[in-house]
Trainee: 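Pasting a structure here, questions to come.
Each chain gets a letter, A, B and so on, in the order its sequence line appears, and its residues count up from 1.
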There are 2 protein chains.
Amino acid sequence: MTRAEENYIKTIFHLGGATSQLISTNAIAEEMETKPSSVTDMAKRLADKELVNYVKYQGVSLTVKGVKTALAIIRKHRLWEVFLVKKLDFTWDEVHEVAEQLEHIKSEKLIDQLDALLDFPKYDPHGDPIPSKTGEFKERDKQLLSELPVHAKGVCVGVKDTSSAFLRFLDKNKIALGHTITILDKEDFDDSLRIQIDGRELQISNQIATNLYVKKE
Amino acid sequence: MTRAEENYIKTIFHLGGATSQLISTNAIAEEMETKPSSVTDMAKRLADKELVNYVKYQGVSLTVKGVKTALAIIRKHRLWEVFLVKKLDFTWDEVHEVAEQLEHIKSEKLIDQLDALLDFPKYDPHGDPIPSKTGEFKERDKQLLSELPVHAKGVCVGVKDTSSAFLRFLDKNKIALGHTITILDKEDFDDSLRIQIDGRELQISNQIATNLYVKKE
DNA sequence: AAGTATTTTTAGATTTGTCTAAAATTTTAA
DNA sequence: TTAAAATTTTAGACAAATCTAAAAATACTT
Ligand SMILES: [Mn+2]
Ligand SMILES: [Mn+2]
Ligand SMILES: [Mn+2]
Ligand SMILES: [Mn+2]
């Protein structure tokens, strides 16, 4: 598989998962910052290789083979992200770009040994689950902080927005995965929240609360 | 720089080093298992980018910029090889293929941190020197085992042939870098050697002796 | 249900990197 | 110093991946 093919497969998985729902040419083009005509060309190529089901004018969905491929790439991407943070002192806003390159390295032994070196991590630095070698993959039980009622308590387990800007904002405010958050108050006017985290009190906007995943407890 | 360009630069360095000696189209094609016409095309592209001096019908040599590029790639290749052996339990005959992929990953921080993680190694698993961040690069003081006189003693510091077959042969016979070798006897007929290594006595062919580097002591 | 807007595909072009076959140049050897 | 041999370049083609512009199909709206 070429790098371009792998990137398309990953994007299709990202947009549609393992479902048979057809993903539109336009949606893929948008996500990959390319043109719909390029997507059509690739859709045909991937269909030839039996990685996607392609229905003309309707879109594509991953085949079983396509899903397996996507999970293998995602596994590599997330393991590399863990490596960069745990072993090479990268911050969680720096890892994605490099992992985008490393995920295409072809060596089964490399990824198995990396997994072992990192002690078989279950989640990547952004809280996303790492598929097992055989493609096992379960989303964590989580919800957006904004969905929690007042006085509820939850552990921070992930981020929805993975942009550098958002991640650095969280760093600056010392909000990290693993911390427990209690909702002290909700402002009806703008849906902002007063929260307690790590002994501190903090006022956060709705935009923040709709991009932080917590596990209710 | 594209991956193909990087591979050409690396090959040209491999064949001609930093000298201004012109490397022929044919030699490059042979080394890269491609066709001379493809090499000509690439020679022009690299000349446009001022990475090589290209003299029509004569060959190419690296510019200063080209040498700098080559050393950066070689640095990455060799650091990754050390990583694979030291951190991921690869054997020295398995690393090259994967390092050929990893050497093209673009991230300055990645390679600097890797260097630190490995404790700033000076040599790769095959005894080849690792260029510094600034491109400092000195060949080690070494000679072929076959060039040593009878009764001389030397420390094994590198291999000339880096094929899997040769490296596994050395493993099988417990000949590793760092071991001290004493030449007990030389057979005139076939230039085979009787050597002492690690307390053992061993008979090795001239083919082995002309592919093992030692540092005389 | 027809007409308009949107989406998707096709057709044709471009870039990178490769190839084969033929032409040009250089090297070797009589 | 020519002729033959070897090397190198050119010309033209091809595959992958992309683009633009135009045509075709689908979706929306009145
Ligand atoms: Mn990522
Ligand atoms: Mn991630
Ligand atoms: Mn190598
Ligand atoms: Mn090496």
Trainee: In residues 30-41 of chain B, which ones come under 4.0 Å of DNA chain C, going by heavy atoms?
Mentor: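 Heavy-atom cutoff 4.0 Å gives B:Thr34, B:Lys35, B:Ser37, B:Ser38, B:Asp41.
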Trainee: In whole angstrom, give the distance that lies between atom CE of A:Met42 and atom P of C:dT8.
Mentor: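 Spelled out: CE on A:Met42 to P on C:dT8 is 17 Å.
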Trainee: Can you tell me the distance, in whole Å, between the CD1 atom of A:Ile23 and the C1' atom of C:dT7?
Mentor: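 The distance from CD1 of A:Ile23 to C1' of C:dT7 comes to 15 Å, rounded to the nearest Å.
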Trainee: Just jot down the ring-ring contact (aromatic ring centres under 6.0 Å, His included) partners of B:His77, sequence neighbours excluded, or say none.
Mentor: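 B:His77 satisfies ring-ring contact (aromatic ring centres under 6.0 Å, His included) with B:His96 only.
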Trainee: Taking NZ in B:Lys68 as the centre, count heavy atoms belonging to other residues, nucleotides or ligands within less than 6.0 Å. Is the count above 12?
Mentor: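 No, not enclosed.
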Trainee: Would you say the ring centroid of A:Phe13 lies under 6.0 angstrom from that of A:Tyr8?
Mentor: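 Ring centres of A:Tyr8 and A:Phe13 not closer than 6.0 Å.
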Trainee: For the helix from C:dA1-D:dT30 to C:dA30-D:dT1, figure out the bend between the end axes, five pairs an end, and round to 10 degrees.
Mentor: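 For the helix from C:dA1-D:dT30 to C:dA30-D:dT1, the axes at either end differ by 0°.
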Trainee: What's the CG-C1' distance between B:Asn26 and C:dT28, to the nearest Å?
Mentor: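 Going from B:Asn26 (CG) to C:dT28 (C1'), I get 16 Å.
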Trainee: Do the side chain of A:Thr210 and the main chain of A:Ser146 share a donor and acceptor less than 3.5 angstrom apart?
Mentor: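 No, A:Thr210 side chain to A:Ser146 backbone: no donor-acceptor pair under 3.5 Å.
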Trainee: Between B:Ser192 and B:Gln203, does the side chain to side chain donor-acceptor pair (under 3.5 Å) criterion hold? Intermediate values first, please.
Mentor: CA-CA 7 Å; B:Ser192 70; B:Gln203 189 75 22; 3.2 Å; yes
Trainee: Return whichever of A:Ala4 or A:Gln58 has its heavy-atom-nearest nucleotide of DNA chain D closer to the 5' end.
Mentor: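 Its nucleotide being nearer the 5' end, the pick is A:Ala4.
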Trainee: At less than 4.0 Å, is any side-chain N or O atom of A:Tyr57 found next to OP1 or OP2 of C:dT6? Yes or no.
Mentor: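 Negative; the distance criterion is not met.
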Trainee: Could you go through residues 111-138 of chain A and list every donor-acceptor pair under 3.5 Å that involves a side-chain atom there, pairing it with any protein atom two or more places apart or in another chain?
Mentor:
unit_1, atom_1, unit_2, atom_2, d
A:Asp112, OD2, A:Lys133, NZ, 3.0
A:Gln113, NE2, B:Leu88, O, 2.7
A:Asp115, OD2, A:Arg75, NH2, 3.1
A:Asp124, OD1, A:His126, N, 2.7
A:Asp124, OD1, A:Gly127, N, 3.1
A:Asp124, OD1, A:Asp128, N, 3.1
A:His126, ND1, A:Glu81, OE1, 3.2
A:His126, NE2, A:Trp92, O, 2.9
A:Ser132, OG, A:Thr134, N, 3.3
A:Ser132, OG, A:Thr134, OG1, 3.0
A:Ser132, OG, A:Gly135, N, 3.4
A:Ser132, OG, A:Glu136, N, 3.0
A:Thr134, OG1, A:Glu136, OE1, 2.7

Trainee: Just to confirm, is there a sub-4.0 Å distance from OP1 or OP2 of C:dG17 to any side-chain nitrogen or oxygen of B:Arg45?
Mentor: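 B:Arg45 to C:dG17 OP1/OP2: side-chain N or O found under 4.0 Å.
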Trainee: Under 30°, 30 to 60°, or over 60°: which ring-plane class applies to B:Phe83 and B:Trp80, parallel, tilted or perpendicular?
Mentor: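 Plane angle over 60°, so perpendicular.
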Trainee: Compare every heavy atom of B:Asp141 with every heavy atom of B:Lys215, then report the nearest pair and how far apart it is.
Mentor: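 Answer, listing the atom of B:Lys215 first, then B:Asp141: CG-O, 3.4 Å.
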Trainee: Answer yes or no: are there more than 12 heavy-atom neighbours, outside B:Glu139 itself, under 6.0 Å from its atom CD?
Mentor: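 Atom CD in B:Glu139 is crowded, with more than 12 foreign heavy atoms closer than 6.0 Å.
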Trainee: What I want to find out is whether A:Glu6 reaches A:Lys106 closely enough, with some N-O distance under 4.0 Å, to be called a salt bridge.
Mentor: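 Salt bridge between A:Glu6 and A:Lys106, a charged N being under 4.0 Å from a carboxylate O: yes.
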Trainee: What is the 5' to 3' range of DNA chain D, first to last nucleotide, that sits under 4.0 Å from any heavy atom of chain A?
Mentor: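 From 5' to 3', the first and last contacting nucleotides are D:dA17 to D:dT26.
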Trainee: Let me check something: any side-chain donor-acceptor pairs from residues 21-45 of chain B under 3.5 Å, sequence neighbours excluded? List them with distances.
Mentor:
unit_1, atom_1, unit_2, atom_2, d
B:Ser24, OG, B:Ala27, N, 3.0
B:Glu31, OE2, B:His14, ND1, 3.2
B:Thr40, OG1, B:Pro36, O, 3.2

Trainee: In this structure, how many angstroms lie between the P atom of C:dT16 and the OH atom of B:Tyr8, rounded?
Mentor: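 Those two atoms, OH and P, are 14 Å apart.
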